[in-house]
There are 2 protein chains.
Amino acid sequence: MGNRPTIADIAKRVGVSPGAVSFALNGRPGVSEQTRARIIEVAREMNWRPHRAARALGGAQAGVVGLVLARDPRTLGSEQFYTQILYGMQDVLSAGSSAVQMQLVRDTAAEIDLYRHWAAEHRVDGLVLVDLQLDDPRLAVVRELGLPAVTLGLPGEDGQLPSVWADDAEAMTTIVDYLAALDHRRIAHVAGPPVYQHTARRTSALREQAVARGLTAESVPTDFSDAQGAAATRTLLSRAERPTAIIYDSDLMAAAGLGVALELGIEVPRRLSIVSFDDSVLTRIVHPALTCLSRDTYALGAQVATSLLAAIADPRSRTSIRTETPRLVVRGSTTRPA
Amino acid sequence: MGNRPTIADIAKRVGVSPGAVSFALNGRPGVSEQTRARIIEVAREMNWRPHRAARALGGAQAGVVGLVLARDPRTLGSEQFYTQILYGMQDVLSAGSSAVQMQLVRDTAAEIDLYRHWAAEHRVDGLVLVDLQLDDPRLAVVRELGLPAVTLGLPGEDGQLPSVWADDAEAMTTIVDYLAALDHRRIAHVAGPPVYQHTARRTSALREQAVARGLTAESVPTDFSDAQGAAATRTLLSRAERPTAIIYDSDLMAAAGLGVALELGIEVPRRLSIVSFDDSVLTRIVHPALTCLSRDTYALGAQVATSLLAAIADPRSRTSIRTETPRLVVRGSTTRPA
DNA sequence: GTGGAGAACTAAAGCGCTATAGTCAACGGT
DNA sequence: ACCGTTGACTATAGCGCTTTAGTTCTCCAC
């Protein structure tokens with residue numbers, strides 16, 4: 001039963017003091033190589049594992065990093081992306097026998113509460129902040145709490161926190177390049193909520209590109225839900241001069257948009273090309289499969305974990321890592337306008 | 001900074017011993033109502049929060065329950081369901097200021113390793129076992145480790161563990177009832193892996209129903225991936241005597257199947273009816289929207305959390321809760337066969 | 001007015017591990 | 001031969017909280 005061996009048990013068995021065992025097991029000087037080996041062997045034999053709480057209590061780490069997702073329970077849909085991130089993170093962290101504590105909350109206020117809670121209870125050693133907002137209120141809180149953190153997305157203006165990011169502007173340019181090459185002149189963009197930094201970057205990149213190339217472009221904000229994605233699509237496609245291509249900020253909305261096109265009898269891709277900013281199974285199972293930007297989300301998660309571990313080890317480190325710009329994967333949903 | 005107040009700080013401030021503070025804050029007898037009130041007030045004033053690790057060390061609970069999902073990172077797809085479960089669980093657990101530790105692993109062996117790990121490090125107070133298998137190797141391990149656990153799905157044969165479950169056989173019957181009423185005579189079932197208990201139950205329920213009603217029915221096993229779901233569909237639809245209705249064990253496979261039907265030019269629902277065993281956004285965004293079994297997954301998660309808390313409080317409790325049988329939600333993907 | 005039962009606390013040990021200070025012997029340099 | 005080092009440990013305190021075993025007091029019954 002629950003009676004796991006303690007460091008004292010090992011000490012007794014080997015015939016040394018508990019302190020010596022602690023030194024040995026943590027690779028710290030203070031014991032001869034001989035006894036160290038002996039201790040390690042006995043520890044393995046007895047199937048010893050450190051008691052996390054005991055370690056954490058001694059001022060050490062909790063062995064947990066936190067990741068909270070703020071979204072309405074009914075607007076779920078981006079899980080695919082974050083599940084992959086989670087997977088990537090876990091594989092890196094479990095090597096250091098840490099774990100990721102993922103939690104879903106309703107909104108940013110709840111998210112902040114949770115951070116305070118976690119900090120107070122010493123539950124986590126570090127945080128991953130996702131879905132960065134313009135003027136993000138979380139940044140100040142995290143700084144105040146003194147918790148190491150890494151942002152996934154754009155780096156903070158003033159480089160407050162280390163971050164792992166991809167260039168959204170460049171990604172948008174990739175898409176527009178492609179659509180322009182196909183001769184699309186009227187492009188629409190079903191975007192996420194404007195408070196998000198990535199949405200803002202994409203939107204402005206599209207505008208710039210449109211001006212530079214003399215295209216008509218328009219971004220429609222949504223809350224990322226399939227319902228609003230569908231609604232936006234319906235509005236766009238009901239116009240007299242409807243767009244010949246629509247870029248969606250998420251795979252969920254893209255799929256929903258495709259459904260609307262089918263429902264309106266607008267052939268995809270002949271009469272409407274669709275591009276999704278996210279890749280996932282979803283883009284592959286609908287018909288036609290969706291052209292999208294794809295990236296190695298698993299690797300991204302691993303990257304985030306690595307950065308976070310570095311930030312925890314040295315809280316003053318401030319290195320941001322720019323990841324590869326997502327690649328465009330062309331599938332059946334795009335072609336030259338009819 | 002990080003210098004959170006301790007129970008001793010409160011004690012000093014109020015002028016009592018740390019023990020008294022502990023009593024007061026835990027609603028335990030040993031202090032007068034007056035001092036208790038005073039202590040609680042000061043604690044709030046100083047913004048005190050218990051240090052989790054310290055509590056856990058004293059033999060108390062870690063305040064974490066574990067949920068591990070064993071699946072290949074490339075076969076992800078059921079996240080939607082589990083994200084909802086997670087959400088439901090969290091809302092119940094956070095009231096008791098516990099958290100859910102969700103982790104993804106590659107297979108059952110890794111899952112079992114993780115349980116041992118968690119148990120040894122006292123990381124979790126209890127477990128939720130999902131995707132029960134026939135002759136599930138995890139049951140013995142969990143018993144051996146003495147960890148309170150709840151299964152989500154069918155109860156163990158011998159009622160070893162409390163469980164929260166819905167009747168898969170009855171659910172399947174609901175679907176067949178409906179399809180039979182529409183006059184479908186040849187029904188196929190794209191199932192999950194046969195090792196899973198729910199797959200087995202559904203498969204045998206379908207067989208029984210088919211015999212009872214004189215229908216032709218067939219179950220095709222898959223690994224739950226969109227690829228195999230699509231492949232199975234392709235095989236079924238390429239037959240001379242193809243089914244007029246296909247039941248899918250997951251929404252992901254159902255959507256993939258729909259894609260295949262479109263690709264083969266088989267109209268849905270006129271020439272093929274599709275029913276999904278799971279509900280999620282996915283069933284709503286494809287076109288036509290999929291008829292499916294729906295249940296309140298959030299509530300299910302909450303139920304699981306409640307049961308688990310009960311199991312933790314009293315490890316001998318063995319109450320299984322049978323939840324409502326999922327309701328059939330009819331949408332555009334089903335009709336009478338042409 | 002004395003014994004005894006509560007009530008209201010305090011004191012202190014302990015959870016498992018880390019970390020610091022201290023002990024002790026062996027060795028080397030002068 | 002003596003002091004200072006160094007290496008290999010041991011002893012001990014402490015992390016923040018819980019919990020058990022006291023210690024006082026007060027109050028009441030006989």
Side-chain angles (χ1 to χ4, degrees), chain A residues 1-40 42-43 46-63 97 117-123 125, chain B residues 1-40 42-43 46-64 97-98 117-123 125:
Chain A
M1 267 292 325
N3 275 335
R4 294 270 144 204
T6 74
I7 234 177
D9 296 330
I10 300 177
K12 213 174 301 166
R13 180 103 161 255
V14 178
V16 293
S17 72
V21 176
S22 177
F23 292 148
L25 293 171
N26 293 302
R28 216 167 289 262
V31 280
S32 64
E33 280 315 309
Q34 227 178 24
T35 28
R36 182 190 303 277
R38 173 112 184 78
I39 288 170
I40 290 178
V42 171
M46 299 178 76
N47 194 26
W48 175 86
R49 291 280 171 71
H51 190 306
R52 276 246 94 92
R55 273 202 172 153
L57 188 50
Q61 286 160 14
S97 74
H117 216 90
W118 280 352
E121 297 193 347
H122 296 253
R123 254 183 199 276
D125 304 320
Chain B
M1 268 304 327
N3 276 337
R4 297 267 145 204
T6 74
I7 234 178
D9 297 330
I10 300 176
K12 212 175 299 168
R13 180 103 161 255
V14 178
V16 292
S17 72
V21 176
S22 176
F23 291 147
L25 294 171
N26 292 300
R28 216 166 289 262
V31 280
S32 65
E33 280 316 310
Q34 226 178 26
T35 29
R36 182 190 302 277
R38 173 111 184 78
I39 288 171
I40 289 177
V42 171
M46 299 178 75
N47 193 27
W48 175 88
R49 292 277 172 71
H51 189 305
R52 272 276 147 201
R55 272 204 173 151
L57 189 51
Q61 287 160 14
V64 177
S97 75
S98 274
H117 215 90
W118 280 352
E121 296 193 348
H122 296 251
R123 254 182 199 276
D125 303 321

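We use all heavy atoms of the structure for the numbers below, so side chains are in, but hydrogens, waters and symmetry mates are not. Keep in mind the model is a prediction, meaning the values are calculated, not measured. Lettering follows sequence order; numbering is per chain, from 1.
Side-chain atoms of Arg36(B) do not come within 3.5 Å of backbone N or O of Ala20(B) as any donor-acceptor pair.
Fit an axis to the five pairs at each end of the helix from dG1(C)-dC30(D) to dT30(C)-dA1(D) and the two axes sit 60° apart, to the nearest 10 degrees.
Contact between Ala54(A) and Leu57(B) at its shortest, heavy atoms only, is CB-CD1, 3.6 Å. Of all non-hydrogen atoms in Val64(B) and Arg123(B), the two that sit nearest each other are CB-O, 3.4 Å. For the pair Ala56(A) and Ala62(A), the tightest heavy-atom approach, listed with the atom from each and the gap, is CB-CA, 4.2 Å.
Lys12(A) places its NZ atom 14 Å from the P atom of dT10(D), with the value rounded to the nearest Å. dT19(D) atom C1' lies 15 Å from atom CG of Leu25(B), rounded to whole Å. Ile10(B) places its CD1 atom 11 Å from the C1' atom of dC17(D), with the value rounded to the nearest Å.
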* To do: Dump the intermediate steps for side chain to side chain contact (heavy atoms under 4.5 Å, CB included) on His122(A) and Arg52(B), then the final yes or no.
  => CA-CA 7 Å; His122(A) 296 253; Arg52(B) 272 276 147 201; over 6 Å; no

* Stepwise side chain to side chain contact (heavy atoms under 4.5 Å, CB included) test for Leu25(B) and Trp48(B) -> CA-CA 10 Å; Leu25(B) 294 171; Trp48(B) 175 88; 3.6 Å; yes

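For the pair Thr6(B)/His51(B), no side-chain contact is recorded, criterion being any heavy-atom separation below 4.5 Å from C-beta on. Two residues are said to be in side-chain contact when any heavy atoms from C-beta on lie closer than 4.5 Å; Val14(B) and Val21(B) fail this criterion.
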* Protein-to-nucleotide contact annotation, 5' to 3' order, nucleotides 8-18 of chain C [B base; S sugar-phosphate only; - none; under 4.0 Å, heavy atom] -> SBB----BBSB

